[in-house]
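Data first, discussion second: the structure below is written as structure tokens.
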Amino acid sequence: MKEHKTGAIGWKEGKVWFLDQTRIPAEQRVVETNDPSVLAGAIRTLSIRGAPLIGIAAAYGVALDFISSPMSRREDLPSRLARVQALFASTRPTAVNLFWALERMRETAESFSGNIGNLGEVLLNEAVRIHEEDRLTCEQIGIHGAALISPGMSVLTHCNTGALATGGIGTAFGIIRTAWEKKVLRHVYVDETRPLLQGARLTAWELTQLGIPSTLITDSTAAFLMLQGRIQAVLVGADRIAANGDVANKVGTYGLAVTARYHAIPFYVAAPTSTIDSTMKSGKDIPIEVRDSAELLRQGERAIAPIGMEVYAPAFDVTPNELITAIITEYGVVSPPFGSHLPTRQSSLENFKK
Ligand code: MRU
């Protein structure tokens, strides 16, 4: 199998490599592994993170499992698949891209009728396809979303939705990048994104690398910037979009949507259709990951709150659809009412080619 090496994860010589995102911006450390449980652990600890990237990583993980220990008996397939799916499904609950990718890998495995010993290679091809589709998806989201940015606009973004979170240029970040390249975007304000600082560590790093004019703010500064008239649009990603258009995304997103509405600022959500979960009627059904209290009580070795203090640390929140101006997918811009207007995934690379 050829190398696949765009972005934050890839395949090389029988191994998966990934950037350890917990080290950025201090260090760009690449980890290589041929052990699916190392990959699952990396998702759990947020070395690999961001909804689309988690899905891509899980797909590579399933392929790795079948390549590192090839099957000899077809009748073992159901138990083998169940074991590797459970390994990845237990890592993080909210981003549906993970479960979407696992499902695609299961369908690929079950429909393969050739020599079972070759299944690993077939699964690797599918993982690379999922990766490549996401790259093309991001490009399309960038094009559709950048059309919403008028010359001279400054935008606010939250968390990290860029090349570190996806298989391509990013979702909300892909719009920022495309609008900047079109020379319509003026400035980007980046929320730190407490408590794990994906905005400060990762989005700020990506913006700096690309030379896009940007300013880092604490999460609590956003409302004041809006009051000052310095933000003309809010752009965020999503971890799961329910059938009615409610959006689960990094905690703090809901507060931004409420504040944007008060200031009459458009609030845009950008996500691939693999993030839309039509089985969930509304955001109330979306499982929300709750993080360990240590992430709020300590910064590294240093206590920043009384140890033992009760903590509530949801990783995500849900923004009701009525606060969302538009949802941007690879197929275009959808305005409210969402519901049946939200597109469903056409699972073919051909859909992305001009
Ligand atoms: O906890 P994280 O860092 O995985 O959370 C990521 C986000 O909330 C992103 O906004 C979302 O996954 C979209 S990434 C294109």
Side-chain angles (χ1 to χ4, degrees), residues 7-9 18-22 24 42-58 91-101 131 133-135 137-142 145 156-177 190-206 219 234-241 247-257 267-277 283 286-292 295-296 313-319 324 327-330:
I9 197 165
F18 61 89
L19 267 176
D20 179 354
Q21 299 191 30
T22 62
I24 293 174
I43 296 173
R44 200 170 276 121
T45 57
L46 272 61
S47 292
I48 297 170
R49 43 131 320 268
L53 197 75
I54 294 173
I56 293 165
T91 54
R92 296 191 75 190
T94 304
V96 74
N97 311 61
L98 172 72
F99 305 96
W100 171 85
H131 193 169
E133 280 177 24
D134 196 61
R135 186 182 70 74
T137 292
C138 288
E139 270 176 23
Q140 293 302 309
I141 290 174
L156 173 71
T157 193
H158 190 62
C159 197
N160 173 264
T161 61
L164 292 169
T166 64
I169 59 171
T171 56
F173 194 101
I175 296 172
I176 288 171
R177 183 168 169 171
V190 190
D191 277 352
E192 276 183 310
T193 317
R194 284 277 302 153
L196 298 181
L197 304 176
Q198 289 93 330
R201 292 186 298 108
L202 309 176
T203 303
W205 182 73
E206 289 198 45
D219 299 353
V234 180
L235 289 172
V236 296
D239 285 82
R240 195 182 296 231
I241 302 176
V247 168
N249 190 50
K250 179 55 58 195
V251 68
T253 301
Y254 170 52
L256 285 178
F267 183 89
Y268 297 119
V269 174
T273 44
S274 53
T275 305
I276 299 172
D277 183 353
I286 299 177
I288 299 294
E289 176 183 5
V290 176
R291 302 288 303 176
D292 196 284
E295 292 176 351
L296 262 69
F316 303 97
D317 60 24
V318 177
T319 300
I324 299 168
I327 295 177
I328 302 133
T329 74
E330 64 273 31

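Counting convention: from 1, in listed order, for ligands and their atoms alike. Values below: every heavy atom of this structure, side chains too, minus hydrogens, waters and symmetry copies.
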Do the side chain of D239 and the main chain of T94 share a donor and acceptor less than 3.5 angstrom apart?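 Flag not set: sc D239 to bb T94 has no pair under 3.5 Å.
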
Test I276 against I327 for side-chain contact (heavy atoms from CB on, under 4.5 Å), laying out the working first. CA-CA 11 Å; I276 299 172; I327 295 177; 5.6 Å; no

Under the side chain to side chain donor-acceptor pair (under 3.5 Å) test, residues paired with [X] that sit two or more places apart:
X    : answer
T193 : none
N249 : T253
T166 : none

Does ligand 1 have any N/O atom under 3.5 Å from a protein N/O, and what are those pairs and their distances?
residue	atom	partner	partner atom	Å
ligand 1	1 (O)	R92	NH1	3.4
ligand 1	1 (O)	R92	NH2	2.8
ligand 1	1 (O)	K250	NZ	2.7
ligand 1	3 (O)	R49	NE	2.6
ligand 1	3 (O)	R49	NH2	3.4
ligand 1	3 (O)	Q198	NE2	2.9
ligand 1	4 (O)	G50	N	3.0
ligand 1	4 (O)	R92	NH1	2.8
ligand 1	8 (O)	D239	OD1	2.9
ligand 1	8 (O)	N249	OD1	3.2
ligand 1	8 (O)	K250	N	3.3
ligand 1	10 (O)	N249	OD1	2.7
ligand 1	12 (O)	A51	N	2.9
ligand 1	12 (O)	D239	OD1	3.1
ligand 1	12 (O)	D239	OD2	3.0

Could you check if a side-chain atom of F316 sits within less than 4.5 angstrom of a side-chain atom of R92, using non-hydrogen atoms only?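 Yes - at least one pair of side-chain heavy atoms lies under 4.5 Å apart.
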
